[in-house]
**Q** 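Below is the structure I would like to discuss, written out as structure tokens.
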Number of protein chains: 2
Amino acid sequence: MDTLVQFVNPLYAVGMETTSDLSREALAPRGQAAKRLSILDAATAVFCRDGVAAASIDAIAEAACVSRQTVYNHVGDKEKLFVAVVKEVTARSTARLFETLGTFPETPVDVEHELTEFAVRLAGNCMCDPDGAALRKLIENEGQRYPELFATWKQYGPGKSWPAISARFAKLASAGDLDIPDANLAARQFMALVNADLPNTYYMGQPPTDAELLEAATNAVSTFIRAYRRQSAAG
Amino acid sequence: MDTLVQFVNPLYAVGMETTSDLSREALAPRGQAAKRLSILDAATAVFCRDGVAAASIDAIAEAACVSRQTVYNHVGDKEKLFVAVVKEVTARSTARLFETLGTFPETPVDVEHELTEFAVRLAGNCMCDPDGAALRKLIENEGQRYPELFATWKQYGPGKSWPAISARFAKLASAGDLDIPDANLAARQFMALVNADLPNTYYMGQPPTDAELLEAATNAVSTFIRAYRRQSAAG
DNA sequence: AAAATGTTAGACACCACTGTCAAAATTAAC
DNA sequence: GTTAATTTTGACAGTGGTGTCTAACATTTT
């Protein structure tokens, strides 16, 4: 239940709950939601940097500018902290992805141009976003050790994202712009092509520049459209 | 120096040195190269499973069926062990990639068919290979903590692999089969497309089945060729 | 069989971390 | 200004890891 709420409603996990009466968690007693967020952010960073097992609560507390005891008071032990982090970051990443998906050019005038601009937003806001990168890393590294959490993440992360992405490409096809027999496949390939040309430095600290983003998007969309353009006459 | 030898000559690091006099390392005194390999393999597995910082030498020793002291005798402390593992796995992966690249269809009769078969080999032997997967994971997680090692890896891993891959696509283009203005870009996109459609379970233990491999290769090559096919008349 | 070499088992000091506790200090509420 | 809630501080036992050492054991080599 608790789990579901956090995954389904991003606003909740982002700490934007109305501080009213809806979310009477045992955790955040009254006001200091900021401190809780600070702890989760710090934990995300340290978990990513050191790995969950090697991450020390002291390091997290220090990064959050908080005493160790406060960490235990807010979230509990390390495993609960990790679960809270994954839920938080999943909610944020998913929200950001859906926000970006809202700008997908479903009935474009200039397919290539508008799809390229969308790819820039996708790469900048989602793929290279610190939350997204952190989440990928955490899931990839620790997923096997927390099967339940992993399953829940799959359900509310990829399980919701991919159909949404595919649906956009299906609409784009039915708008007559491209010839896409399999929207799921096209969606996977589109994402892969955008990723293919991003400088591989972005999971090592530095995010790509705007120019790099644009180049990656341009190359990806160019190839994507050449592969999926509608044939004038016979196919 | 030592570093260079191990990276440049895969056979050395794989433990196939002639056991003669060429490689008078302080490490492998005379015969028991098998034990050393066993230690490196076990360390690879445990490092991947637990992360380097959280991996215990005892766990590695147990996995290698060896006493802890023997680990220290052969390789030294944990950092040296990690460096040895990365070199070993890099050498193995690179060797396997180049072996597979040797089967690239440079002057094919049926481009699509032969490129698909190559993609199957590439995915099966390189992308989903345990060594390759382990290496990606280790580099991604620990690269930042070992800048020198990371730099050396980049030099002898991607720095050697990508030009070799690109060169194949350039030859394929000049053979008249495809229209590839930028072989580097095409190579990146080809790899990305093959990866895009592999079941994402392969870094979680189970390798993909032959059928899954073939489907991924088919989809990837189909899209790749549609994007890069030579236009009959004007382009 | 003897000698040299490699391997194991156990013990060791040392260190870093966990999770808990109680008392002091700070901050917010009324 | 007093009361209540939160946070900090420092201490604590317990755990598990490192890297070293030594003496016993096993395996080759000669």
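Below, chain A is the first sequence line, B the second, and so on; all start at residue 1. Quick note: numbers below take in every heavy atom, side chains included, and nothing from hydrogens, waters or symmetry partners.
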**Q** I need the full list of ring-ring contact (aromatic ring centres under 6.0 Å, His included) pairs touching residues 117-136 of chain A, with sequence neighbours left out, sorted by first then second residue.
**A** A/F104-A/F118
**Q** In whole angstroms, how far is the C1' atom of D/dT8 from the CD atom of A/E62?
**A** 15 Å
**Q** Send over the distance from A/R36 CZ to D/dT7 C1', rounded to a whole Å.
**A** 17 Å
**Q** If you look only at pairs with a residue in residues 123-134 of chain A, which of them pass as a salt bridge (Lys or Arg N to Asp or Glu O under 4.0 Å), with sequence neighbours excluded?
**A** A/R92-A/D131, A/R96-A/D129
**Q** Taking only the side-chain nitrogens and oxygens of B/T70, find out if one of them lies under 4.0 Å from OP1 or OP2 of C/dG6.
**A** no
**Q** So, does B/T103 use its side chain to make a donor-acceptor pair with the main chain of B/T100 at under 3.5 Å?
**A** yes
**Q** Rounded to the nearest Å, what distance is computed from the CG atom of residue B/D50 to the C1' atom of nucleotide D/dG16?
**A** 13 Å
**Q** Not counting sequence neighbours, list each pair that qualifies as a salt bridge (Lys or Arg N to Asp or Glu O under 4.0 Å) and has a residue in residues 144-153 of chain A.
**A** A/E142-A/R145, A/R145-B/D50
**Q** For the helix from C/dA1-D/dT30 to C/dC30-D/dG1, measure the angle between the helix axis at one end and the axis at the other, each built from five pairs, rounding to 10°.
**A** 30°
**Q** Give each protein N/O atom lying under 3.5 Å from an N/O atom of nucleotides 16-20 of chain C, with the pair distance.
**A**
residue	atom	partner	partner atom	Å
C/dT18	OP1	A/A55	O	3.2
C/dT18	OP1	A/I57	N	2.9
C/dT18	OP2	A/I57	N	3.2
C/dG19	OP2	A/Y72	OH	3.2

**Q** Rounded to whole Å, please give me the gap between NE2 in B/H74 and P in C/dG6.
**A** 9 Å
**Q** In whole angstrom, what separates B/K80's NZ from D/dG19's C1'?
**A** 11 Å
**Q** Using the ring-ring contact (aromatic ring centres under 6.0 Å, His included) rule, collect all pairs that involve residues 43-68 of chain B, keeping only residues at least two apart or in two chains.
**A** B/F47-B/F82
**Q** Please name all residues satisfying side-chain contact (heavy atoms from CB on, under 4.5 Å) with B/A196, sequence neighbours left out, ordered by chain then number.
**A** A/A192
**Q** If a pair satisfies side-chain hydrogen bond (donor to acceptor under 3.5 Å, both in side chains) and one of its residues is in residues 59-68 of chain A, list it, with sequence neighbours excluded.
**A** A/D58-A/R68, A/S67-A/T70
**Q** Side chains of residues 184-191 of chain A: which donor-acceptor pairs under 3.5 Å do they make with residues two or more places apart or in other chains?
**A**
residue	atom	partner	partner atom	Å
A/N184	OD1	A/S166	OG	2.9
A/R188	NE	B/D197	OD1	2.6
A/R188	NH2	B/D197	OD1	2.6
A/Q189	OE1	A/Y228	OH	2.6
A/Q189	OE1	B/T223	OG1	2.8
A/Q189	NE2	B/N219	O	3.3
A/Q189	NE2	B/T223	OG1	3.1

